[in-house]
Amino acid sequence: MTDNETRRGIYERMYRILTVDSTMRGLMMKGAISIIYYSPRGQEAIPAAVSAALTPADYITTTYRGLHDTLAKGAPVREVIAEIIGRSGGTCKGKGGIMHLSDPRRGVMATSGIVGGAIPIANGLALRCQMTGNDSVTVAYFGDGATNIGAFHESLNMAALWRLPVVFVCQNNEYGEFTPRMESMTVQRIATRAAGYAIPGVTVDGNDPDETYAAAHTAVARARAGEGPTLIEANTYRFMGHIFGVDQMEYMPKQEREAALANDPVPAYRRRLLERGVATEDELAELEAEVNSEVEAAVEFAMQSPPPDPEETFTDVYAEAVPA
Ligand SMILES: Cc1ncc(C[n+]2csc(CCOP(=O)(O)OP(=O)(O)O)c2C)c(N)n1
Ligand SMILES: [Mg+2]
(Lines give C-alpha, C1' and ligand atoms only; values in the text may rest on other atoms or scores of the structure.)
(Ligands and ions follow the chains in the order given, each with its own letter.)
Protein backbone atom coordinates (compact mmCIF):
# COMPACT_ATOMS: atom_id res chain seq x y z
CA MET A 1 0.00 0.00 0.00
CA THR A 2 1.22 3.46 -0.87
CA ASP A 3 1.01 5.77 2.16
CA ASN A 4 -0.52 9.23 1.82
CA GLU A 5 2.71 11.20 2.02
CA THR A 6 4.24 9.06 -0.71
CA ARG A 7 1.14 9.59 -2.85
CA ARG A 8 1.26 13.36 -2.47
CA GLY A 9 4.96 13.28 -3.37
CA ILE A 10 4.18 11.26 -6.48
CA TYR A 11 1.47 13.70 -7.55
CA GLU A 12 3.80 16.64 -6.98
CA ARG A 13 6.40 15.07 -9.29
CA MET A 14 3.75 14.31 -11.92
CA TYR A 15 2.46 17.85 -11.83
CA ARG A 16 6.01 19.28 -12.04
CA ILE A 17 6.77 17.14 -15.10
CA LEU A 18 3.47 18.13 -16.75
CA THR A 19 4.12 21.82 -16.09
CA VAL A 20 7.71 21.80 -17.33
CA ASP A 21 6.68 19.86 -20.43
CA SER A 22 3.80 22.17 -21.32
CA THR A 23 6.02 25.19 -20.65
CA MET A 24 8.71 23.89 -23.01
CA ARG A 25 6.15 23.20 -25.73
CA GLY A 26 4.62 26.63 -25.19
CA LEU A 27 8.02 28.32 -25.58
CA MET A 28 8.63 26.37 -28.78
CA MET A 29 5.19 27.18 -30.19
CA LYS A 30 5.64 30.89 -29.72
CA GLY A 31 9.13 30.81 -31.18
CA ALA A 32 10.93 31.83 -27.98
CA ILE A 33 13.22 28.79 -28.21
CA SER A 34 14.25 26.50 -31.03
CA ILE A 35 15.22 23.00 -29.90
CA ILE A 36 14.72 19.32 -30.70
CA TYR A 37 12.30 18.12 -28.05
CA TYR A 38 10.98 14.68 -27.14
CA SER A 39 7.91 15.18 -25.00
CA PRO A 40 7.31 12.70 -22.17
CA ARG A 41 3.65 13.80 -21.96
CA GLY A 42 1.47 10.85 -20.95
CA GLN A 43 4.32 9.01 -19.23
CA GLU A 44 4.54 11.16 -16.08
CA ALA A 45 3.33 8.52 -13.64
CA ILE A 46 6.15 6.06 -14.27
CA PRO A 47 9.23 7.95 -13.01
CA ALA A 48 7.14 9.88 -10.47
CA ALA A 49 6.20 6.55 -8.85
CA VAL A 50 9.53 4.77 -9.37
CA SER A 51 11.44 7.70 -7.84
CA ALA A 52 9.30 7.43 -4.73
CA ALA A 53 10.91 4.03 -4.19
CA LEU A 54 14.45 5.44 -4.56
CA THR A 55 16.78 7.41 -2.29
CA PRO A 56 18.81 10.48 -3.36
CA ALA A 57 21.88 8.19 -3.42
CA ASP A 58 20.34 5.86 -6.03
CA TYR A 59 21.13 6.23 -9.73
CA ILE A 60 19.22 6.38 -12.99
CA THR A 61 20.10 6.22 -16.66
CA THR A 62 17.65 7.32 -19.33
CA THR A 63 17.01 8.33 -22.94
CA TYR A 64 16.42 11.46 -25.05
CA ARG A 65 12.78 11.19 -23.83
CA GLY A 66 13.99 11.45 -20.25
CA LEU A 67 12.94 14.88 -19.05
CA HIS A 68 10.36 13.27 -16.77
CA ASP A 69 12.86 10.72 -15.41
CA THR A 70 15.38 13.49 -14.70
CA LEU A 71 12.94 15.79 -12.94
CA ALA A 72 11.43 12.93 -10.95
CA LYS A 73 14.88 11.96 -9.66
CA GLY A 74 15.25 15.46 -8.23
CA ALA A 75 17.27 17.47 -10.75
CA PRO A 76 16.41 21.16 -10.22
CA VAL A 77 13.94 22.55 -12.76
CA ARG A 78 15.97 25.67 -13.49
CA GLU A 79 19.16 23.76 -14.29
CA VAL A 80 17.24 21.23 -16.38
CA ILE A 81 15.49 23.89 -18.47
CA ALA A 82 18.77 25.80 -18.90
CA GLU A 83 20.41 22.58 -20.08
CA ILE A 84 17.66 21.79 -22.57
CA ILE A 85 17.95 25.22 -24.16
CA GLY A 86 21.77 25.09 -24.21
CA ARG A 87 22.66 27.64 -21.54
CA SER A 88 25.66 27.74 -19.21
CA GLY A 89 23.43 27.49 -16.13
CA GLY A 90 22.39 23.98 -17.15
CA THR A 91 23.33 20.76 -15.38
CA CYS A 92 26.02 20.17 -18.06
CA LYS A 93 26.73 23.88 -18.65
CA GLY A 94 24.45 23.70 -21.71
CA LYS A 95 26.69 21.26 -23.56
CA GLY A 96 24.49 18.18 -23.21
CA GLY A 97 21.01 19.29 -24.17
CA ILE A 98 18.10 16.89 -23.87
CA MET A 99 19.97 14.14 -25.70
CA HIS A 100 22.89 13.97 -23.24
CA LEU A 101 21.46 15.45 -20.07
CA SER A 102 23.06 14.31 -16.85
CA ASP A 103 23.17 15.55 -13.26
CA PRO A 104 25.36 13.19 -11.24
CA ARG A 105 24.84 15.16 -8.03
CA ARG A 106 21.20 14.04 -8.15
CA GLY A 107 21.95 10.54 -9.42
CA VAL A 108 21.01 11.27 -13.06
CA MET A 109 24.10 9.54 -14.41
CA ALA A 110 23.61 9.28 -18.17
CA THR A 111 21.22 10.01 -21.00
CA SER A 112 21.77 8.34 -24.34
CA GLY A 113 20.47 9.16 -27.80
CA ILE A 114 21.44 5.64 -28.85
CA VAL A 115 18.39 3.42 -28.39
CA GLY A 116 19.28 0.93 -25.65
CA GLY A 117 22.64 2.65 -25.17
CA ALA A 118 22.23 3.62 -21.52
CA ILE A 119 21.16 0.14 -20.35
CA PRO A 120 24.71 -1.30 -20.16
CA ILE A 121 25.82 1.92 -18.45
CA ALA A 122 23.30 1.13 -15.69
CA ASN A 123 24.97 -2.26 -15.32
CA GLY A 124 28.34 -0.55 -15.00
CA LEU A 125 27.10 1.72 -12.23
CA ALA A 126 25.55 -1.24 -10.44
CA LEU A 127 28.70 -3.34 -10.82
CA ARG A 128 30.76 -0.58 -9.26
CA CYS A 129 28.32 -0.41 -6.33
CA GLN A 130 28.44 -4.18 -5.91
CA MET A 131 32.25 -4.20 -5.96
CA THR A 132 32.63 -1.35 -3.47
CA GLY A 133 29.88 -2.35 -1.04
CA ASN A 134 27.80 0.75 -1.87
CA ASP A 135 24.12 -0.14 -1.48
CA SER A 136 22.80 2.27 -4.14
CA VAL A 137 20.42 0.81 -6.72
CA THR A 138 20.42 1.84 -10.38
CA VAL A 139 17.25 2.20 -12.46
CA ALA A 140 17.62 1.95 -16.23
CA TYR A 141 14.73 3.65 -18.04
CA PHE A 142 14.17 2.89 -21.73
CA GLY A 143 11.40 2.44 -24.27
CA ASP A 144 9.58 -0.54 -25.77
CA GLY A 145 11.61 -0.24 -28.98
CA ALA A 146 14.84 -0.56 -26.99
CA THR A 147 13.87 -4.09 -25.94
CA ASN A 148 14.52 -5.22 -29.55
CA ILE A 149 18.13 -4.06 -29.28
CA GLY A 150 21.07 -6.34 -28.49
CA ALA A 151 22.33 -4.13 -25.66
CA PHE A 152 19.06 -4.72 -23.79
CA HIS A 153 19.40 -8.51 -23.97
CA GLU A 154 23.10 -8.53 -23.16
CA SER A 155 22.50 -6.25 -20.19
CA LEU A 156 19.72 -8.42 -18.77
CA ASN A 157 21.85 -11.52 -19.18
CA MET A 158 24.85 -9.99 -17.44
CA ALA A 159 22.82 -8.36 -14.66
CA ALA A 160 21.00 -11.64 -14.00
CA LEU A 161 24.23 -13.64 -13.96
CA TRP A 162 26.04 -11.26 -11.63
CA ARG A 163 22.94 -10.36 -9.60
CA LEU A 164 23.55 -6.69 -10.19
CA PRO A 165 21.48 -4.17 -8.22
CA VAL A 166 19.58 -2.85 -11.23
CA VAL A 167 15.90 -2.30 -11.98
CA PHE A 168 15.12 -2.27 -15.70
CA VAL A 169 12.08 -0.08 -16.31
CA CYS A 170 10.61 -0.27 -19.79
CA GLN A 171 8.24 2.61 -20.55
CA ASN A 172 6.03 0.87 -23.08
CA ASN A 173 4.35 3.73 -24.95
CA GLU A 174 3.37 1.46 -27.88
CA TYR A 175 5.55 3.28 -30.46
CA GLY A 176 9.17 3.41 -31.56
CA GLU A 177 9.39 6.57 -33.66
CA PHE A 178 6.59 6.04 -36.23
CA THR A 179 6.26 2.25 -35.88
CA PRO A 180 3.59 0.61 -33.75
CA ARG A 181 5.16 -1.77 -31.24
CA MET A 182 3.50 -4.94 -32.56
CA GLU A 183 5.08 -4.37 -35.99
CA SER A 184 8.51 -4.77 -34.42
CA MET A 185 8.11 -7.63 -31.92
CA THR A 186 6.12 -10.82 -31.45
CA VAL A 187 5.67 -10.73 -27.68
CA GLN A 188 2.45 -9.21 -26.38
CA ARG A 189 4.02 -8.55 -23.02
CA ILE A 190 7.55 -7.18 -22.90
CA ALA A 191 7.88 -8.41 -19.30
CA THR A 192 7.91 -12.00 -20.62
CA ARG A 193 11.36 -11.27 -22.05
CA ALA A 194 12.67 -11.51 -18.47
CA ALA A 195 12.04 -15.27 -18.54
CA GLY A 196 14.95 -15.66 -20.97
CA TYR A 197 17.24 -14.53 -18.16
CA ALA A 198 15.45 -16.18 -15.22
CA ILE A 199 14.70 -12.87 -13.51
CA PRO A 200 11.31 -11.52 -12.41
CA GLY A 201 9.33 -9.75 -15.15
CA VAL A 202 6.37 -7.67 -14.08
CA THR A 203 3.79 -5.82 -16.17
CA VAL A 204 2.09 -2.83 -14.57
CA ASP A 205 -0.33 -0.15 -15.65
CA GLY A 206 2.24 2.63 -15.98
CA ASN A 207 -0.53 5.20 -15.78
CA ASP A 208 -1.43 3.96 -12.31
CA PRO A 209 1.12 5.43 -9.90
CA ASP A 210 0.14 3.22 -6.97
CA GLU A 211 0.54 0.01 -8.97
CA THR A 212 3.82 1.23 -10.46
CA TYR A 213 5.15 2.26 -7.05
CA ALA A 214 4.34 -1.14 -5.54
CA ALA A 215 6.24 -2.96 -8.30
CA ALA A 216 9.18 -0.55 -8.09
CA HIS A 217 9.32 -0.85 -4.31
CA THR A 218 9.56 -4.64 -4.51
CA ALA A 219 12.17 -4.53 -7.30
CA VAL A 220 14.32 -1.91 -5.53
CA ALA A 221 14.23 -3.86 -2.26
CA ARG A 222 15.22 -7.02 -4.10
CA ALA A 223 18.12 -5.27 -5.84
CA ARG A 224 19.31 -3.65 -2.62
CA ALA A 225 19.23 -6.97 -0.81
CA GLY A 226 21.65 -8.43 -3.38
CA GLU A 227 19.00 -10.63 -5.01
CA GLY A 228 19.51 -9.19 -8.48
CA PRO A 229 17.60 -7.35 -11.19
CA THR A 230 13.92 -7.13 -12.17
CA LEU A 231 12.34 -6.11 -15.47
CA ILE A 232 9.30 -3.88 -15.06
CA GLU A 233 7.15 -3.21 -18.11
CA ALA A 234 5.11 -0.08 -17.41
CA ASN A 235 2.36 0.31 -19.99
CA THR A 236 1.56 3.84 -21.07
CA TYR A 237 1.07 5.96 -24.19
CA ARG A 238 3.01 8.67 -25.95
CA PHE A 239 0.66 11.65 -26.28
CA MET A 240 2.77 13.89 -28.51
CA GLY A 241 4.44 12.11 -31.40
CA HIS A 242 8.12 11.17 -31.54
CA ILE A 243 9.74 14.61 -31.88
CA PHE A 244 7.43 17.40 -30.80
CA GLY A 245 6.19 19.50 -33.70
CA VAL A 246 8.02 17.49 -36.35
CA ASP A 247 5.61 14.63 -36.93
CA GLN A 248 1.87 15.05 -37.14
CA MET A 249 1.03 11.62 -35.63
CA GLU A 250 -0.85 10.42 -38.76
CA TYR A 251 0.38 6.89 -38.02
CA MET A 252 -1.41 6.84 -34.65
CA PRO A 253 -5.07 5.77 -34.98
CA LYS A 254 -7.26 8.71 -33.97
CA GLN A 255 -9.49 6.64 -31.69
CA GLU A 256 -6.54 5.01 -29.97
CA ARG A 257 -4.96 8.39 -29.23
CA GLU A 258 -8.24 9.92 -28.10
CA ALA A 259 -8.81 7.03 -25.69
CA ALA A 260 -5.32 7.53 -24.27
CA LEU A 261 -5.81 11.28 -23.88
CA ALA A 262 -9.09 10.62 -22.05
CA ASN A 263 -7.08 8.41 -19.69
CA ASP A 264 -4.55 11.19 -18.88
CA PRO A 265 -2.67 9.93 -15.80
CA VAL A 266 -2.17 13.36 -14.19
CA PRO A 267 -5.79 14.48 -13.69
CA ALA A 268 -6.76 10.85 -13.01
CA TYR A 269 -4.37 10.65 -10.06
CA ARG A 270 -5.49 14.06 -8.82
CA ARG A 271 -9.09 12.78 -8.76
CA ARG A 272 -8.02 9.65 -6.91
CA LEU A 273 -6.21 11.65 -4.22
CA LEU A 274 -9.31 13.77 -3.66
CA GLU A 275 -11.75 10.82 -3.73
CA ARG A 276 -9.70 8.84 -1.23
CA GLY A 277 -9.14 11.79 1.08
CA VAL A 278 -5.36 11.72 0.55
CA ALA A 279 -5.37 15.49 0.02
CA THR A 280 -7.91 18.30 -0.06
CA GLU A 281 -8.64 20.55 -3.04
CA ASP A 282 -6.96 23.44 -1.21
CA GLU A 283 -3.83 21.41 -0.52
CA LEU A 284 -3.50 20.34 -4.14
CA ALA A 285 -4.17 23.85 -5.41
CA GLU A 286 -1.44 25.16 -3.12
CA LEU A 287 1.02 22.50 -4.25
CA GLU A 288 0.25 23.32 -7.89
CA ALA A 289 0.65 27.06 -7.34
CA GLU A 290 4.07 26.46 -5.80
CA VAL A 291 5.17 24.31 -8.72
CA ASN A 292 3.86 26.91 -11.19
CA SER A 293 5.98 29.60 -9.51
CA GLU A 294 8.99 27.30 -9.41
CA VAL A 295 8.72 26.65 -13.15
CA GLU A 296 8.11 30.31 -13.98
CA ALA A 297 11.23 31.33 -12.03
CA ALA A 298 13.17 28.52 -13.68
CA VAL A 299 12.30 29.75 -17.17
CA GLU A 300 13.39 33.25 -16.23
CA PHE A 301 16.69 31.90 -14.89
CA ALA A 302 17.28 29.75 -17.97
CA MET A 303 16.41 32.43 -20.51
CA GLN A 304 18.77 34.88 -18.83
CA SER A 305 21.60 32.38 -18.54
CA PRO A 306 24.26 33.00 -21.22
CA PRO A 307 25.31 30.34 -23.72
CA PRO A 308 28.43 28.36 -22.79
CA ASP A 309 31.73 30.15 -23.26
CA PRO A 310 33.64 28.82 -26.32
CA GLU A 311 36.47 28.12 -23.83
CA GLU A 312 34.25 25.38 -22.41
CA THR A 313 34.39 23.36 -25.63
CA PHE A 314 37.14 21.12 -24.34
CA THR A 315 36.22 20.95 -20.65
CA ASP A 316 34.29 17.95 -19.26
CA VAL A 317 34.80 16.14 -22.54
CA TYR A 318 37.79 13.91 -21.87
CA ALA A 319 38.85 12.38 -18.55
CA GLU A 320 42.01 13.82 -17.06
CA ALA A 321 45.02 11.78 -18.17
CA VAL A 322 46.04 9.31 -15.48
CA PRO A 323 49.80 9.56 -14.81
CA ALA A 324 51.67 6.44 -15.96
C1 LIG B 1 20.60 2.20 -32.06
C2 LIG B 1 19.62 3.20 -32.59
N3 LIG B 1 18.79 2.83 -33.60
C4 LIG B 1 17.89 3.71 -34.11
C5 LIG B 1 17.82 4.99 -33.60
C6 LIG B 1 16.76 5.97 -34.12
N7 LIG B 1 15.69 6.10 -33.13
C8 LIG B 1 15.67 7.15 -32.28
S9 LIG B 1 14.38 7.03 -31.21
C10 LIG B 1 13.85 5.58 -31.85
C11 LIG B 1 12.63 4.90 -31.28
C12 LIG B 1 12.85 4.19 -29.99
O13 LIG B 1 11.63 3.78 -29.46
P14 LIG B 1 11.45 3.41 -27.95
O15 LIG B 1 12.63 2.65 -27.45
O16 LIG B 1 10.12 2.76 -27.82
O17 LIG B 1 11.47 4.82 -27.18
P18 LIG B 1 10.44 6.04 -27.23
O19 LIG B 1 10.97 7.02 -28.24
O20 LIG B 1 9.10 5.51 -27.57
O21 LIG B 1 10.47 6.64 -25.86
C22 LIG B 1 14.67 5.20 -32.91
C23 LIG B 1 14.47 3.97 -33.70
C24 LIG B 1 18.71 5.34 -32.56
N25 LIG B 1 18.69 6.57 -32.01
N26 LIG B 1 19.58 4.44 -32.06
MG1 LIG C 1 8.29 3.60 -27.40
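As the structure is a prediction and not an experimental result, all values here were calculated from the model. First listed ligand is number 1; within each ligand, the first listed atom is number 1. Values below: all heavy atoms of this structure, side chains included; hydrogens, waters and symmetry mates excluded.
For atom 21 (O) of ligand 1, the closest heavy atom belonging to the protein is Arg65 NE, 2.9 Å. Here the protein heavy atom with the shortest distance to atom 14 (P) of ligand 1 is Gly145 N, 3.4 Å. Shortest contact from atom 25 (N) of ligand 1 to any protein heavy atom: Gly113 O, 2.9 Å. Nearest protein heavy-atom contact of atom 13 (O) of ligand 1 is Gly176 CA, 3.3 Å.
Excluding water, every protein N/O/S atom under 2.8 Å from the Mg ion (ligand 2) is given here by residue and atom: Asp144 OD1, Asn173 OD1, Tyr175 O.
Residue Glu177 places a heavy atom less than 4.0 Å from ligand 1. Residue contact annotation: Phe142 has no non-hydrogen atom under 4.0 Å from ligand 1.
For ligand 1 and Asn173, the ligand atoms under 4.0 Å from any heavy atom of the residue are 18 (P), 20 (O), 21 (O). Atoms of ligand 1 lying under 4.0 Å from any heavy atom of Ala146, numbered from 1 in the order shown and given with element: 15 (O). Here is the list of ligand 1 atoms found below 4.0 Å of a heavy atom in Asp144: 15 (O), 16 (O).
Shown here is Met29, whose CE atom has no more than 12 heavy atoms of other residues, nucleotides or ligands within 6.0 Å. Within 6.0 Å of CZ in Arg41 there are more than 12 heavy atoms belonging to other residues, nucleotides or ligands.
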Could you walk me through whether Glu12 and Arg8 pass the salt bridge (charged side-chain N to carboxylate O under 4.0 Å, His left out) test, one step at a time?
CA-CA 6 Å; Glu12 182 178 332; Arg8 286 189 292 266; over 6 Å; no
### Stepwise salt bridge (charged side-chain N to carboxylate O under 4.0 Å, His left out) check, Arg272 with Asp210
CA-CA 10 Å; Arg272 185 185 294 178; Asp210 296 328; 2.7 Å; yes
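Side-chain atoms of Asp69 do not come within 3.5 Å of backbone N or O of Pro47 as any donor-acceptor pair. Glu83 contributes a side-chain N or O that, together with a main-chain N or O of Gly97, makes up a donor-acceptor pair within less than 3.5 Å.
In terms of polar-atom proximity, Tyr64 is counted as a contact of ligand 1, with an N or O under 3.5 Å from an N or O of the ligand. The distance criterion of under 3.5 Å between nitrogen or oxygen atoms is not met by Ile149 with respect to ligand 1.
Put simply, CZ on Arg276 and CG on Asn4 are 10.5 Å apart, with the number rounded to the nearest 0.5 Å. To the nearest 0.5 angstrom, Phe239 atom CZ is 9.0 Å from Gln43 atom CD. Here the CD-CG distance, from Glu5 to Asp3, works out to 6.5 Å after rounding to the nearest 0.5 Å.
Between Asn148 and the choices Arg181, Arg193, His153, the side chain to side chain donor-acceptor pair (under 3.5 Å) rule is met once, by Arg193. Checking Asp208, Thr212, Asn207 one by one against Thr236, the side chain to side chain donor-acceptor pair (under 3.5 Å) holds for a single residue, Asn207.
Contact annotation for Val115 and ligand 1: heavy atoms of both the backbone and the side chain come within less than 4.0 Å of the ligand. Within the 4.0 Å heavy-atom criterion, the part of His242 lying near ligand 1 is the side chain and not the backbone.
Ring centroids of Phe142 and Phe152 are separated by less than 6.0 Å, placing the two rings close together.
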